[in-house]
Structure formats: structure tokens, C-alpha cells
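Step one of this worksheet: look at the structure below.
What's counted below: heavy atoms across the whole structure, side chains too, no hydrogens, waters or symmetry copies. Each residue takes its place number in the sequence, starting with 1. All of these numbers come straight from a predicted model, not from anything done at the bench.
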Amino acid sequence: MAGVPRDSSDSPGGPPRSILNVILSPDKLLVAVDTLAEDAITAKPSSAAKMLLIPQHDLVMATRGSAQFFLRLYELSLQASFRADFTMEQLMAELGLVIEKLWPNYVAAADQAGIPRDQLHTEIVLGGWSPKKGRMMATAYAKSADEAPVIVQPLEGGLASPGDPLRGRPTSFEAMSVLAAGRLQAAYLNGKMGRVVAGGRLIAATLQHEQALIEDHGVIGLAGETS
């Protein structure tokens, strides 16, 4: 599969400092994230799960932004997945509303912790197999601490966050290409911020109908490193 990744540009003020890539075809979905996390108050680094599965429905959720917000959203989505009448389409339709409902509590907690509001931003991707459509589908959601409503964007072909370092680069499901893209993005983000904000390892989930594969593609390096 070739083409230019759909760009999700960094927002001004306090953009997410992570990598979130999606490659989508009718029968295959790949979602890749880096593992580097940073405590919002102490800046202490750690390793985070920025991507989680709802395996009984061939679904994956991933984030670029607040881990705490993502985990709460995943918890509610997982609970919903136990319903007998659960469908992916319904979850996709409801997720934006859930984000709006949860967001004020998240902002209030951040205010109490002394976290600047310009650092509050989340990007979420939900994707997987749609029995109704007979194909893979994915939707991206974005929300910031301003008054703007959540942005909901059905994806066609994919998404790259950050997108700037991958402009003009063909997309590919091949592991080496996925890893190379992640390394370019990590170097871009770290160079832009002047310190290490993206890195660790690149983890990718590849979904096909009735199949989910999680792979560790390797280290994506520190600031300025590409190998």
C-alpha cells in the first residue's frame, strides 16, 4: 500500500509528544505507537501502554496524549464491549460524546495538580474489523483544553502523528518501513522540543479479520538518532 500519510498536525501551545501512526486498508489495519512516557509533574520517564486491544471484537485503541485519560476511556469502552448488542459502529459514534463528558473532570484534575492547560491534549484512534461493512475501519478523535468540541475524523488510508517528517514518504505495512517512520518522527519531535520526549520502542498492532498481532519493532532512539 503506497500513498502519503494523512497528517495530524501538532496543535499550538502543548501538542502531544508521542508517535501515533495508522495504516488502513480494507482487509488490514496497523497501529503503531512509541512507548516513552513522562510524568506530567515530575517529568520522570517510564514505559507506557499507549495501545490496547478489545480482542473479542477485533478492535484496537491507541493514544497520543494523556495516558490517564486514555486508560479511563479504554476502561469504559471495554465495559461497553461486554454488552450483547455491542457493535463497533455504535462505539465509534459514542466515543466522541464520552470524550466530551469526561474532559471537564480531566481538566479540573489537571488544574488541581498544577499542570498548565496548554499541555492538555489527547488524540485517540479506534479501529478494527466491521462485520457490518465487511472491512477494516478506523476513526480518530482529538480534544484540547480550549472550548472547541472534540474533532471526529473517519480515516481513509491512515494517519501519521506527527505528520511533517513523513511528508512525501510512501506508507507501507512492512516492519522496516514502520520502524524507519517511527525513528524519523522521534528525531523530529525530540529536535523540535530540544529534549527527549518521544522514543523508547515502537510497538505495532496489526489486525486482520479474526486475527490480532502485537509486535515490538525495536528501539526508535533518542534525540537526533535514527539507528
Could you walk me through whether Leu59 and Phe86 pass the side-chain contact (heavy atoms from CB on, under 4.5 Å) check? CA-CA 12 Å; Leu59 294 177; Phe86 175 88; 3.8 Å; yes
Could you walk me through whether Ile115 and Leu120 pass the side-chain contact (heavy atoms from CB on, under 4.5 Å) test, one step at a time? CA-CA 8 Å; Ile115 300 172; Leu120 306 184; 4.0 Å; yes
Aromatic plane relationship, Tyr106 with Phe69 - under 30° parallel, 30 to 60° tilted, over 60° perpendicular: tilted
Atom CD1 of Ile151 and atom CD1 of Ile124: how far apart are they, to the nearest 0.5 Å? 13.5 Å
salt_bridge(Arg135, Asp27) N-O dist < 4.0 Å: no
Within a strict 4.5 Å, meaning less than it, do heavy atoms of the Val178 and Ser172 side chains meet? no
Please check if the number of heavy atoms outside Gln112 that lie under 6.0 Å from its CD is greater than 12. no
Over all heavy atoms of both residues, which pair between Leu91 and Ser77 is shortest? Give the atoms and the distance, please. CD1-OG, 3.9 Å
Is any side-chain heavy atom of Met137 closer than 4.5 Å to one of Glu89? yes
Under a 4.0 Å N-O cut-off, is there an ion pair linking Asp34 with Arg201? no
Enclosure of Glu174 CD (heavy-atom neighbours >12, cutoff 6.0 Å): no
Can you tell me how far the NZ atom of Lys101 sits from the CD atom of Glu94, to the nearest 0.5 Å? 11.0 Å
Pick out which of Leu30, Leu155, Leu207 makes a side chain to side chain contact (heavy atoms under 4.5 Å, CB included) with Met136. Leu207
Taking the side chain as everything from C-beta on, heavy atoms only, tell me whether Arg72 gets closer than 4.5 Å to Leu102. yes
Looking at Leu36, is its backbone amide N or carbonyl O close enough to the side chain of Lys50 to form a donor-acceptor pair, meaning the two atoms are under 3.5 Å apart? yes
Of all heavy-atom pairs linking Gly218 and Leu179, the shortest is O-CD1, 4.1 Å
Which atom names give the shortest non-hydrogen contact between Ala160 and Asn21, and what distance separates them? CA-OD1, 3.4 Å
Asp111 and Arg117: side-chain contact (heavy atoms from CB on, under 4.5 Å), yes or no, with the steps? CA-CA 7 Å; Asp111 287 345; Arg117 286 198 174 189; 2.5 Å; yes
Phe70 side chain near Met51 side chain, heavy-atom distance below 4.5 Å: no
In the structure I gave you, are the side-chain heavy atoms of Leu97 and Ile99 within less than 4.5 Å of one another anywhere? no
If you count heavy atoms of other groups shown closer than 6.0 angstrom to CD of Glu100, is the number above 12? yes
Check Ala186 against Ala198 and note the closest heavy-atom contact, atom names and distance. CB-O, 4.0 Å
If I compare all heavy atoms of Arg169 with all of Ala180, which pair ends up nearest, and what's the gap? NH2-CB, 3.2 Å
From CA spacing to verdict: side-chain hydrogen bond (donor to acceptor under 3.5 Å, both in side chains), Gln208, Asp58: CA-CA 8 Å; Gln208 295 176 282; Asp58 290 333; over 6 Å; no
Close side-chain approach of Leu20 to Val125, heavy-atom, < 4.5 Å: yes
Any side-chain heavy-atom pair of Thr122 and Leu73 under 4.5 Å: no
Should Phe82 and Leu71 be regarded as members of a common hydrophobic cluster, given that ILVMFWY residues are connected when their side-chain heavy atoms come within less than 4.5 Å of each other, either directly or indirectly? yes
Evaluate side-chain hydrogen bond (donor to acceptor under 3.5 Å, both in side chains) for Ser81 paired with His57, printing each intermediate quantity in order. CA-CA 8 Å; Ser81 75; His57 294 294; 4.9 Å; no
Can you confirm if the NZ or CZ of Lys28 lies within 45° of the ring axis of Phe173 and under 6.0 Å from the centre of its six-membered ring? yes
Test side-chain contact (heavy atoms from CB on, under 4.5 Å) on Met92 and Val152; report intermediate values, then the result. CA-CA 9 Å; Met92 283 185 170; Val152 180; over 6 Å; no
Working to the nearest 0.5 angstrom, can you tell me the gap between Leu166 CG and Ile19 CD1? 9.0 Å
Of all heavy-atom pairs between Leu29 and Gly128, which one has the smallest distance, and what is that distance? CD2-N, 3.5 Å
Using only atom types and a distance under 3.5 Å, with no angle test, would you say the side chain of Gln185 pairs donor to acceptor with the backbone of Pro162? yes
For the residue pair His121 and Arg64, establish whether any side-chain heavy-atom pair is separated by less than 4.5 Å. no
Glu123-Thr63 side chain donor-acceptor pair, cut-off 3.5 Å: no
Distance from Asp164 atom CG to Tyr188 atom OH, nearest 0.5 Å? 4.0 Å
No-hydrogen, no-angle side-chain donor-acceptor test under 3.5 Å, Gln153 and Thr139: no
Find the distance between OG (Ser66) and CH2 (Trp103) and round it off to the nearest 0.5 Å. 7.0 Å
How long is the gap from NE2 on His217 to CZ on Arg183, to the nearest 0.5 Å? 11.5 Å
